[in-house]
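Structure first, then comments.
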Amino acid sequence: MGNEYGGRLTSEVGAATDNRGGTDPTRESDASVQWLLQPRGGPQLRGPQNFDRSIRKGIRLAEYEHALGEDAEQLKELFPDGVARLWGATPVKKESHPKGAALRGQKVGDEVLFYAGKKFIAKARVLGLLRNPELAREIWGELEDGRTWEHIMALGDIFEFEIPAEPILTALALHTEVRYLTLVRAAERRRQLGLLNSLVGGNMTAVGRPASGEAAVCAAAKLGREGFLRALATLDASVPEEARTHHGSLTLLWSISRLVSGQSRLVPWNDFRAEVGPLLIEFGGSGTAAAPEYPFRHLRSSGLWETEGVGDEGLDSAPAVTSADSVIAAGLRPEVAKLLKQPLTRAQAIGLLCTTYFQDVDQGALLMRLGLAGYAHASGNAGEGVEGRDGADETTERGMRRHVTSARPVRDPRLVEEIKQLYQHRCQVCGVQLETRFGHYSEAAHIQGLGTPHDGPDKLSNLLCLCPNHHVQFDRLFLFIDEDWNVRRSGDRELINPLIRRPEHVIDEWCVEYHRGLCGRSRYSLGLD
């Protein structure tokens, strides 16, 4: 065993009230998830038996009702089936020990990697943290010195696998074995996530997964936003490249557009065919047959999609779909639709789908066709254009000129002037201080645009000082800011420059992540690039 946390159970993952109103659970973003390297313990501490009992089989809360104390209500909320996956740790004797820092630094939402016998054997998500000596003694007993594993993690999304630990430990510049709970900060986890994924591959077994005879469960949604995005990014992973089409990804993008416009997530087959069929002809990929029956049936295998009104046996062929009764309907699973209500998840999903599957398609035209035009520009539907020039002429990507007279959100001119003065009109990307006959010129760019659908905050923390060229490239999603504050090209992640920042300019990382999601750069944080 091993782990420590001071305080009562915490189960709300990173919820925070932000300027958009309400509680936004995406504040604690996947980009801030840390690794907790957790030794399972050897036979002398009954490590294998405890892992089997506490993780694989789970602890039946009803058997420990008398020891749950103040944690009873929230544990039952976290584990409504009454079976809890728990792991604990003894307190540290010296607060200066690295384990103490790990215990103080861990948080809900972090990912645990279990270590045993020079291998990593499982991973899990921290759902809650609690301190309960009485419960720990009832479950695991105590050591000779009277200490018990009183600092307890409540775990979910548990997967078992078996990979050598040495490559990851070496990359992390750690010892060749994990002797105590070790914290790996979020930035380092992101750098090594691709290595873990390559070692694990698809060789994972879920712990506590429903039996195959039960209704399909959206595994991606159960894994949270990160798992959902990974499912989107790997839709065609098992399909030979020459056989890939845009049918599934286009259908999912269309489904997201339905949610954005307030329509039902489920759509009857006849309506589905009428709406998706023309899209497949226009954007489904050259040389491919426009067959809406295909995504209607096969998207179920992604775990993101469901059908109603017919059993699996009624969808075993395209003719079966077309001949099915009109009551048959399909759409995103409820868990997925719930995730997509979060602004950040929605922006990341749209950006990820566009950059992964539609690189050879006019993405602006596609998004406009779907009613998602605002997601093609960092500023939203209205766009910011050239500062102070309503009614300006704009050149389209196809070389045509049109007169733009759109309404734009009201910006606070004092903030615009403040960001320019703070950087003395120097571009935060290139450092250029553009001179004109009448002084210096720069532009204030919102990171998360004010326009619909982004609805970003008009605050100094959501502003950058940019030259006109880099303002246009930033708004048109050609540039993004990575997790280490480097400015990179969206297409190939080529480094442009480190972002110039002044200590008194605190930038909202949530806004930066939102813009990064629009650019389709969630692939990197998922370890897929």
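Side-chain atoms of Glu150 and Thr148 include no donor-acceptor pair closer than 3.5 Å. Checking Ser255 against Trp305 by side-chain atom types alone, no donor-acceptor pair falls below 3.5 Å.
Atom CD of Glu166 has 12 or fewer neighbouring heavy atoms from other residues, nucleotides or ligands inside a 6.0 Å radius. No more than 12 heavy-atom neighbours from other residues, nucleotides or ligands sit within 6.0 angstrom of CD on Glu144. Applying the 6.0 Å contact sphere to CZ of Arg46 captures no more than 12 heavy atoms from other residues, nucleotides or ligands. His66 NE2: more than 12 foreign heavy atoms inside a 6.0 Å radius.
For Arg56 against Arg85, the heavy-atom pair with the smallest separation is O-NH2, 2.8 Å. Nearest heavy atom pair, residue Ala154 against residue Leu86, reads CA-CD2, 3.8 Å. Taking all atoms of both residues into account, the shortest heavy-atom contact from Leu181 to Pro39 is N-CD, 3.8 Å. Here the closest heavy-atom approach between residue Gly456 and residue Asn462 is recorded as C-ND2, 4.2 Å. The heavy-atom pair separating Leu195 from Ala171 by the smallest distance is CD2-CB, 4.0 Å. Here the shortest heavy-atom pairing between Gln448 and Trp510 reads OE1-CZ3, 3.3 Å.
Using a 4.0 Å cut-off between charged side-chain N and carboxylate O, Glu306 and Arg265 make a salt bridge. For the pair Glu188 and Arg191, the salt-bridge criterion is met [side-chain N within less than 4.0 Å of a carboxylate O]. Ion pairing of Glu509 with Arg516 is absent here, as no side-chain N (NZ or NE/NH1/NH2) approaches a carboxylate O to less than 4.0 Å. Salt bridge Asp52/Lys57: present, at least one basic N to carboxylate O contact under 4.0 Å.
Residues Trp87 and Val126 form no side-chain contact, since every pair of their non-hydrogen atoms from C-beta on lies 4.5 Å or further apart. Residues Val200 and Phe159 form no side-chain contact, since every pair of their non-hydrogen atoms from C-beta on lies 4.5 Å or further apart.
Between Tyr514 and His454, the angle of the ring planes goes over 60°, which puts this pair in the perpendicular group of the 30/60° scheme.
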